[in-house]
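Here the structure is laid out as structure tokens; the discussion comes afterwards.
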Amino acid sequence: QLQLVESGGNSVQPGGSLRLSCTASGLSLNYKNLAWFRQAPGKEREGVACISNVGGSRNYEDFVKGRFTIARDNAKNAMFLRMNSLTPEDTAIYFCAASDNSFSYTPCTLRETDYVSWGQGTQVTVSS
């Protein structure tokens, strides 16, 4: 069974940066699409960024384009989210998610229903 654990969340000032990590155990991430979602207080969970199983193609929601970068390291069985130029609107719990295995290229999406494994989340707070 795949287990995902997020880390790296913290409190930062506006304009600051953080790097979130998602470490997997139990199964390999190699053939899975991976994604980051977030849930702000009082709001529904929303997609942030995803990276495909093969080739590493990426998709980002408009509100993070140019500021966030998603990456994966299959050798480490991990995924990362580099977040720059953080604003208070980025305050949320950030979740990593993994899809089922696919052994051919599958474009990643930011639909929650496309992901079957989820971490417990890590808190990011952006405040002055």
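- Applying the ring-ring contact (aromatic ring centres under 6.0 Å, His included) definition to pairs two or more places apart or across chains, none involves residues 50-92.
- Sorted by first and then second residue, the ring-ring contact (aromatic ring centres under 6.0 Å, His included) pairs with a member in residues 5-24 form an empty list; sequence neighbours excluded.
- Among residues at least two apart or in separate chains, side chain to side chain donor-acceptor pair (under 3.5 Å) pairs with a member in residues 69-79 are R72-N74.
- Nearest heavy atoms, L81 versus A49: CD1-CB, 4.3 Å.
- Taking CG of L34 as the start and OG of S52 as the end, the distance is 9.0 Å to the nearest 0.5 Å.
- Between the CH2 atom in W36 and the CG atom in L20 there is a gap of 4.5 Å [rounded to 0.5 Å].
- Atoms CG and CG, from L18 and N10 in turn, are 6.0 Å apart once rounded to the nearest 0.5 Å.
- Residue pairs meeting the disulfide (SG to SG under 2.5 Å) criterion with at least one member in residues 60-92: none, sequence neighbours excluded.
- Residues passing the salt bridge (Lys or Arg N to Asp or Glu O under 4.0 Å) test with E46 are R38, sequence neighbours excluded.
- Sequence neighbours left out, the pairs with a member in residues 16-76 that pass disulfide (SG to SG under 2.5 Å) are C22-C96, C50-C108.
- A distance of 14.5 Å separates CD1 in I70 from CZ in R82, rounded to the nearest 0.5 Å.
- Across A98 and L4, no two heavy atoms sit closer than the pair N-CD1, 3.9 Å.
- For residues 62-92, there are no disulfide (SG to SG under 2.5 Å) pairs, not counting sequence neighbours.
- Distance check: L2 CG to S99 OG gives 10.0 Å after rounding to the nearest 0.5 Å.
- Looking at residues two or more places apart in sequence or on another chain, you find a salt bridge (Lys or Arg N to Asp or Glu O under 4.0 Å) between R45 and E112.
- Put simply, CE on M83 and CZ on R19 are 11.5 Å apart, with the number rounded to the nearest 0.5 Å.
- Applying side chain to side chain donor-acceptor pair (under 3.5 Å) to K32 and the options D100, T106, N101 leaves one that passes, N101.
- For D114, the salt bridge (Lys or Arg N to Asp or Glu O under 4.0 Å) partners are R111, not counting sequence neighbours.
- Partners of Y115 according to the ring-ring contact (aromatic ring centres under 6.0 Å, His included) rule, which considers only residues two or more places apart in sequence or in another chain, are F37.
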| field | Q39 and F95: CA distance, side-chain angles, deciding distance, side chain to side chain contact (heavy atoms under 4.5 Å, CB included) verdict | value | CA-CA 8 Å; Q39 187 167 20; F95 301 88; 4.1 Å; yes
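- Looking at residues two or more places apart in sequence or on another chain, you find a salt bridge (Lys or Arg N to Asp or Glu O under 4.0 Å) between R67 and D90.
- Within the 3.5 Å criterion, the main-chain N or O of N53 finds a donor-acceptor partner in the side chain of N33.
- Scanning all heavy atoms of the two residues, the minimum distance from S85 to S17 falls at N-OG, 4.3 Å.
- Residue pairs meeting the side chain to side chain donor-acceptor pair (under 3.5 Å) criterion with at least one member in residues 117-128, sequence neighbours excluded: Q123-T125.
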| query | Could you go step by step and tell me if R58 and I51 meet the side chain to side chain contact (heavy atoms under 4.5 Å, CB included) rule? | reply | CA-CA 4 Å; R58 298 164 173 84; I51 186 166; 4.0 Å; yes
